[in-house]
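Structure first, then comments.
Owing to the predicted nature of the structure, the values given are computational and were not obtained by experimental measurement.
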Amino acid sequence: KNDPQLQQLLRIMALCHTVYPRHVDASSQDAGDIRLSIDKLERRVRYEGQSPDECALVRAASSLGVSLVQRDNPHIQILLSSGQRETFEVLAINHFTSTRKRMSVILKNQKDQIILLCKGADSVMFSICSELEDEKNVLEQHVSRFAKSGYRTLVAASKTVSQEEFLVWASKFSTISTQTEGRNDKLDDLATEIEQDLTFVGTMAIEDELQEGVPETIRQIVEAGIKLWVMTGDKMETAISVGYSSGILAEDMDIIRIDWLGSESDLQERLENVIVDLNLHSKLERNLEREESKLHSFLKFLKSKIHRQCTSALEPLSTREDGSEQMNSLTRSLLDSHDEDLAENGSVSTRSISSKKDRALIIRGEAFKHVTSSQHNTELLVTISKACKTVIACRVIPSQKAEFVKLFGHSKTLAIGDGANDVSMIRQANVGVGIKGKEGREAVNSADFAIGQFRFLSRLLLVHGRWNYTRMSKVILLSFYKNFALVLSLFFFNVFALMSGVSMYDSFMTAGFNFFTGMPLLLIGVFDQDLSDSTMMKLPWFYRKRRGNASLSTKTTILWVLRSLNTAIVVTILPLVSYAFDLGVPATGESNLTGLQAYGTLIFTSLLFAVMYVIAIETHTWNVVNMFFFIGSFVFYFCVTVLLSNLATFYPVFFGVAENCFKSMYFWMQSIEVSLIVLVLEMCFRVIHVVDPTIVDIAIELDRGYIQHCSIDRLRQFK
């Protein structure tokens, strides 16, 4: 009450913002009710704004006796602890931007004085405050102390603006506000013009509390083999403090700090020293070796060309007795000189990375800005970042966040944020995740996925991400398998048909093959779960088993090709051999199967059965929906076959085929027998997983209770 500077600081907290008060109870506007504890205040007056930081400052000022009670454009009213009300007219607002890192309001008080109130980051505020040289070091120490405690710091300042100065500035402000091109940049420049020679008032610190479960989530993500990089606008000290509290940084980590040292040469020297300290020469040299290999191949081409030219030019010498030897000697010396130059200038020494200790890189936004201005420095930064387990970029603006993500565009990146300043980063990443919180919905609207809290990220990645990749991989491989088996069976038949191009399958049946087998595949992509969600949350490192496109690797694809080849051979060759050697194929009566349409239907049915068996084997999760459509696929196939067989007018070529086939016991025995042979061969293939199981196979057995007297937790030792 007796400190004018502190009262001015509280006024700035209560006036310099874009927050609106909403009164839940009309009586809360009374002086006796407004000066309450902050808990009671939140029940009676709710402050709403785009920034939760501003709302926190307004609530803090209210709890200390300077309360925002009313805001009706262009007026704003505060209530002091003495019961006195002060009303101000809002003349202009210079909004916060990531470039300026501050905001200001220009007000007219009841005495017709024009005052400017400003708050922002200390990195920009100290430079625009006058007469601060003597106190600057002490203030920086105070701000640094706040930052090391994990608080987000702000500096408040003010000044009185003369009537003449404001009229000139307001005229420019009004003119620029109506422009359409470059308006934002011009408004920033205009705001900077009036935000000069301010008087320092005080500093504020806001605690940005971690959400529930953040350290546990980060531990799981790191255990899954995912590198975590943090982009923040906070001070370096704040970022480090939050890094330790959230588990991103560990006490035994080597911390590498990169800051702007005043010149690009000093910055480059710092980066090169880090490369030397981390023993990362080998990585850079391997890149050089790749380029040298390309050059060496080109020189080999030149050598061969030079040899041909020399041979052509010295051909007359070969007619003499010693001409051939002279020509070869001359050519050899010329080519050897090229090899010597290459060996001398292109030699590369390799050194392996010896240090296995985890490292963390912390870089300021200003340093990052100058690093990316040089291609060489950028490559150095990328090399250092890849060698670090964690990277924290502090004091970065939104465009720099996106630029940092873009540097590693060759890798798969996921960006997660909760505010408008994270939008550019989210859009730049391969996968964007927005957190719906107090920072607004800009991040959510720009993201691919939206979650309520950060702790849900682990479930999104480790459970749903792994499930989705496993499902999609299985659907792709099964689709490839069944269609390849269909085509191969037609190819084998054409070998018997002397490559005449005749198809043994009816065209309607071939076209409907994916319809008959499609729904079970679709439901695998929807419901299938090889491991339960609880198991994957207990063993996050299983996520690494599916990284690097492991389920769609070349080896896996070749294995599925062999499986489809096996199915096609059994389904096609056995019935054709049976037909060729007349091994009981009905040739007379109503069950005559010797026609192309009838015998083709038999082989097609065997193929359908075999493919459905394989789909059933690969399905981990069975429920009522799966069973209904699995059985329904068979029913649908037979219904379509019977329907086509009875459309004599519309489709005479297939008339009566279903009647002949379905009345024949040979048809059913052959179809079931052949498909069962495929099933037996597939089960033999599954034996590989029993004899030489992977850790995932063991986890599946444990998860489903097939292995007794063993807990899933015991698999942690195998990570």
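Formation of a donor-acceptor pair under 3.5 Å by the S241 side chain with backbone atoms of T238 is not found in this model. Although no hydrogens or angles enter the test, the distance criterion places no donor-acceptor pair under 3.5 Å between the side chain of K235 and the main chain of T153. Proximity of a side-chain donor or acceptor of S177 to a complementary backbone N or O of F173 within less than 3.5 Å is detected. At distances below 3.5 Å, not a single donor-acceptor pair connects side-chain atoms of R359 with backbone N or O atoms of S385. Judged by distance alone, with hydrogens and angles left aside, the side-chain atoms of T232 form a donor-acceptor pair with the main-chain N or O of D234 at under 3.5 Å. In this structure a side-chain-to-backbone donor-acceptor pair under 3.5 Å is present from T192 to D188. In this structure a side-chain-to-backbone donor-acceptor pair under 3.5 Å is present from Q400 to G365. Formation of a donor-acceptor pair under 3.5 Å by the R364 side chain with backbone atoms of E366 is not found in this model. When atom types are taken as modelled, the side chain of K401 and the backbone of V230 share no donor-acceptor pair closer than 3.5 angstrom. With Q428 contributing its side chain and V405 its backbone, the two residues share no donor-acceptor pair below 3.5 Å.
Contact annotation: the side chain of V371 approaches that of L271 to within less than 4.5 Å [non-hydrogen atoms, C-beta and beyond]. At a threshold of 4.5 Å between non-hydrogen side-chain atoms, the residues V242 and L249 do not count as touching. Side chains of Q70 and D72 form a contact here, defined as non-hydrogen atoms less than 4.5 Å apart.
Salt-bridge check for E237 with K148: failed, with every basic side-chain N at 4.0 Å or more from each acidic carboxylate O. Salt-bridge check for D254 with K389: failed, with every basic side-chain N at 4.0 Å or more from each acidic carboxylate O. Under the 4.0 Å criterion applied to side-chain N and carboxylate O atoms, K159 and E195 are not assigned as salt-bridge partners.
Distance CG/N468 to CG/L461: 11.5 Å, rounded to 0.5 Å. Remark: L116 CG to I194 CD1 distance equals 5.5 Å, nearest 0.5 Å.
By the 30° and 60° cut-offs, the orientation of the rings of F200 relative to F126 is tilted.
Scanning both residues, L361 and C388, for their nearest heavy atoms gives CB-SG, 3.8 Å. Heavy-atom minimum distance, S246 versus V214: CB-CG1, 4.1 Å. A pairwise comparison of heavy atoms in I76 and A14 identifies CD1-O, 4.3 Å as the closest pair. Nearest heavy atom pair, residue C16 against residue V105, reads CA-CG2, 3.9 Å. The two residues L9 and M204 make their nearest non-hydrogen contact at CD1-CG, 4.0 Å.
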Original post:
Given E207 and R152, is the salt bridge (charged side-chain N to carboxylate O under 4.0 Å, His left out) satisfied, shown in steps?
Top reply: CA-CA 6 Å; E207 182 181 5; R152 186 173 297 165; over 6 Å; no

Original post:
Step by step, would you call T372 with E403 a side-chain contact (heavy atoms from CB on, under 4.5 Å)?
Top reply: CA-CA 9 Å; T372 52; E403 192 174 355; 3.4 Å; yes

**OP:** Before giving the answer on side-chain contact (heavy atoms from CB on, under 4.5 Å), spell out for I397 and K101 the whole-Å C-alpha distance, their side-chain angles and the decisive distance to 0.1 Å.
**Re:** CA-CA 9 Å; I397 60 177; K101 298 182 181 179; 4.1 Å; yes

**OP:** For the pair R427 and D448, evaluate salt bridge (charged side-chain N to carboxylate O under 4.0 Å, His left out) and give the outcome as yes or no after the intermediate values.
**Re:** CA-CA 9 Å; R427 289 179 175 174; D448 302 303; over 6 Å; no

**OP:** May I have the step-by-step check of side-chain contact (heavy atoms from CB on, under 4.5 Å) for V90 and N73, ending in yes or no?
**Re:** CA-CA 7 Å; V90 180; N73 288 333; 5.7 Å; no

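With a 6.0 Å cutoff to the six-membered ring centre and a 45° limit on the axis angle, R466 does not count as a cation-pi contact of Y543.
Inspection of the Q268 and E272 side chains reveals an N or O donor paired with an N or O acceptor under 3.5 Å. Side-chain polar atoms of R71 and H17 form a donor-acceptor pair below 3.5 angstrom. Under 3.5 Å, the side chains of E54 and T18 contain a donor-acceptor pair of N or O atoms. Between N377 and Q375, the side chains place no donor N or O within less than 3.5 Å of an acceptor N or O (distance only, hydrogens not considered). Side-chain contact, Q179 with K186: a donor N or O sits under 3.5 Å from an acceptor N or O. Between the side chains of S104 and N94, a donor-acceptor pair is found at a separation under 3.5 Å.
For Y20 and Y47, the gap between ring centers reaches or exceeds 6.0 Å.
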